Every structure is written in C-alpha cells, then in structure tokens.
Amino acid sequence: MKPIPFNKPFIIGRELSLIADAVAQGHLSGDGAYTKLCHRWFEEKLGCHKALLTHSCTGALEMAAILCDIQPGDEVILPSYTFVSTANAFVLRGAVPVFVDIRPDTLNIDEQLIEAAITPRTRVIVPVHYAGVPCEMDRIMEIAEKHRLLVVEDAAQALLSTYKGRALGSIGHFGCLSFHETKNIISGEGGALLVNDARFAGRAEVIREKGTNRSQFFRGEVDKYTWVDIGSSYLPSELVSAFLYAQLERADEIIAKRRSICTAYAMQLAPLQQSGKLRLANFDKDSNGHLFYVLLDSLDTRSRLIAHLKSQGIHPVFHYVPLHSSPAGRRYGREGSSMQATDALSDRLLRLPLFYEMNTGDIARITAAIREFFIS
Ligand SMILES: *Cc1c(COP(=O)(O)O)cnc(C)c1O
C-alpha cells in the first residue's frame, strides 16, 4: 500500500512563477518587493502594528528576546511542553527559563500557575499556542500588566487562529510565526516577528538588519547608514518571500482544508473516544487546524500503536521531550510549578499525519487502522 507520510510540503499555486518573477526583477537579497507584500499582508490581515519577515520563527524569538532587553539572570516564564526554540532564544541572552505546567485540556500553559512562578527577576511570559489553540490571553495580559512584564506569543503553530476575534500573535507585545515546511503556511524555512507595541518598531528594524539603520537610510530618514545597535541577519531572501506570498494569497483555503481534515479525524475517531480507548485533540472552533493528536492511556500503548500504523505504511509522530527534563533544560532552567500534567501527557500523545494534499481516502485508511488496533 502507498505510504502516508506524516507531512508533505506542498505548492498551491503561484509559488514557482513568483520566484521566477523575483529573479526577473533582479533583487534576490532581503526586503525587496515580495517581502514588502508579505509585511503588508500580515499587518492588514492580523492587525499587528508592524510585521517583519525573518529566516525562521527561531530568529523571530531571538529578536524578541533582544527587544525585551533580557539581561543575564533575568527570568522568563514558559511551558515545558514546547519546542526548544521557545526557551533557547532567551537562554542565548543569559535568561533562566522558568517552566510552568500545562492545562490538561488544551496542553497550553496553565494561566492559573503563572503568578506563583513570578519572582523579582521575571521579565517576560511566553505563551505557546499549542496546535493553534489559543492560550487564555486575557488572563495572561492582565498578569503581565499587573507585574509589568512583557508578553512574547510563540504563535509558530497559530497563524490565522483567533482568540475572542483577535489574531493570535497580535495580542502580546510581540508575536512570532513560523513558515517551516511542517506548519500550515510554508516557505521551507521562514518566520515573522509581529511587533504589536509601536515603541519597539524602530529597534526591531535595526536588530534585524545587523544592528544598522539601513531601513531608515533607505527611507531617507537619515543621511548615513551605520552601525547603531547590536543585531544580526534575520532577513529571508526574496526567493523565500515570493514563495511565501503565493501561499498567503491562498491562506484561507489552506486553513479551511486543514480544518476539514481535523473535523474528519474527530468524527471518525469519536466512537473510540466514547468507549474510553483514547482522547482526541481539543479542536477549537477558532483554531487553524494545525495539528491533530490522540492521547493514549500509556507510553506502551503509544509505542504499539505506532508500530501497528507503520506496518501499514502510515507514519505518525510524537513530540516533545518536556524541556524541564531535557539535558539543556535542566542545566539552564528551573521548574516554576509542579510538572504533573506535562509529565502525565507528553509520553502519551501521538500526532496523526496532516498535510494539505491528504485526501478523504488517506484519512479513512488511517482511522480504520486505528480502530483495528483497538478492536484486535
Ligand atoms: C515550529 C516551532 C518553532 C520554531 O519554528 P522555526 O521556524 O522552525 O524556527 C518554535 N516554536 C514552536 C511552538 C514551534 O512549533
């Protein structure tokens, strides 16, 4: 039988012709016409003050950590159940990541546990919108305001999800997006920093352009182009931006397709949930269908289900090793709450294949294989 991969990068329309156009325009480094079109798309569609494309979400998180002016010993509150970059970006500035447990329903940071983890050294809260499902942003922003903290949304998985009608990534002081080939909207590697607080916009441009005032110089606002601050090279090439823009043009269609795949999984697996064999992903009506997972009763069941699916050519994956129990997490960070839910859930979660070109036959085959596993 034809294998079903976990993910498959896709082209939806004009990606290659826009790349050809970028080549014809003769501007292949950063910040050409396609990068500017992408910036405008994000600013209009998400309602952020300023959008800046980066080479990755990791790069956007690193820029956010610099903009938060993190000093060695400062503390940053984040979930342990996340990708390494959420923590690494701040550790690179000398910060101590303080890990807080997740909510068992959404697997997002448990907002009720955040305040108890705050100390006089706390500077930033980093909510991660896992699976594109929103964190409790009202409560998180309220805590941040009360304790004068900044909020960096790790919205890597959350493009075009909403929270009470607002785009994820546009609510905190900063939002970070990813266009890695495993995300919903892709450019191979790619990301964006959303600057929602206008105070940080000027410095964000400088940090992204190697610490120079190049952007201001091109706008004619200064007469010299020089080194003014710390920074690095965070820009994507126009080739990447052209590819991305072709996907942004069709973003609503891509999201609708992924949501329909999640809905089909949820419907076809509902009987197994009702009989208590597994728990299905919390698939929020305001989320973008980024990923679909099942929670099994044990690590052993997960390993056996993976083997069963692989024997039928189906390739599910799991993640994450919780950061608080990883070698670097133990070296650089500490626990800011009990890790009860994180420890109880991370070994039991399995992500099912989900990609744009999946068809109803693929979904039926996968759900049939899962049913067969539980019946035999
Ligand atoms: C994918 C992901 C990242 C990293 O994105 P890159 O664009 O690959 O750097 C960061 N955080 C989370 C939660 C992610 O899912």
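First listed ligand is number 1; within each ligand, the first listed atom is number 1. Every heavy atom of this structure was used, including side-chain atoms; hydrogens, water molecules and symmetry mates were not. Keep in mind the model is a prediction, meaning the values are calculated, not measured. Just so you know, residue 1 is the first one in the sequence shown, and it goes up from there.
- Near Val128, meaning under 4.0 Å from any of its heavy atoms, are these atoms of ligand 1: 13 (C).
- For the residue pair Tyr81 and Asn108, no side-chain donor N or O sits within less than 3.5 Å of a side-chain acceptor on the partner.
- An N or O contact shorter than 3.5 Å links Ser178 to ligand 1 by distance.
- Of all the atoms in ligand 1, the ones that sit under 4.0 Å from a non-hydrogen atom of Ser56 are 7 (O), 9 (O).
- Judged purely by atom type and a 3.5 angstrom limit, Arg258 uses its side chain to pair as donor or acceptor with the backbone of His290.
- In this structure, His129 falls outside the shell of residues with a heavy atom less than 4.0 angstrom from ligand 1.
- Looking at Tyr81, Tyr320, Phe83, Tyr130 and measuring to atom 4 (C) of ligand 1, the nearest heavy atom belongs to Phe83.
- Each ring pair (Phe, Tyr, Trp, His ring centres under 6.0 Å) pair with one or both residues in residues 322-366, not counting sequence neighbours, appears once here: Phe10-Tyr356.
- Atom 1 (C) of ligand 1 has Lys183 NZ, 1.7 Å as its closest protein atom, hydrogens excluded (heavy atom only).
- Checking side-chain atoms of Glu136 against main-chain N and O of Glu111 turns up no donor-acceptor pair under 3.5 Å.
- For the pair Arg302 and Phe318, the distance from NZ or CZ to the six-membered ring centre is under 6.0 Å and the angle to the ring normal is within 45 degrees.
- Side chain to side chain, Ser260 and Thr263 fail the donor-acceptor criterion of an N or O pair below 3.5 Å.
- Atom 15 (O) of ligand 1 has Gln157 NE2, 2.9 Å as its closest protein atom, hydrogens excluded (heavy atom only).
- With 3.5 Å as the limit, one finds a donor-acceptor pair spanning the side chains of Thr35 and Glu238.
- Between Cys57 and ligand 1, an N or O atom pair is found at a separation short of 3.5 Å.
- The protein heavy-atom contact nearest to atom 11 (N) of ligand 1 is Asp154 OD2, 2.8 Å.
- Scanning for salt bridge (Lys or Arg N to Asp or Glu O under 4.0 Å) contacts around Arg330 gives an empty result, with sequence neighbours left out.
- Contact annotation for Thr58 and ligand 1: heavy atoms of both the backbone and the side chain come within less than 4.0 Å of the ligand.
- Between Gly190 and ligand 1 there is a heavy-atom distance shorter than 4.0 Å.
- With a 4.0 Å heavy-atom cut-off, ligand 1 is reached by the side chain of Ala156 but not by its N, CA, C or O.
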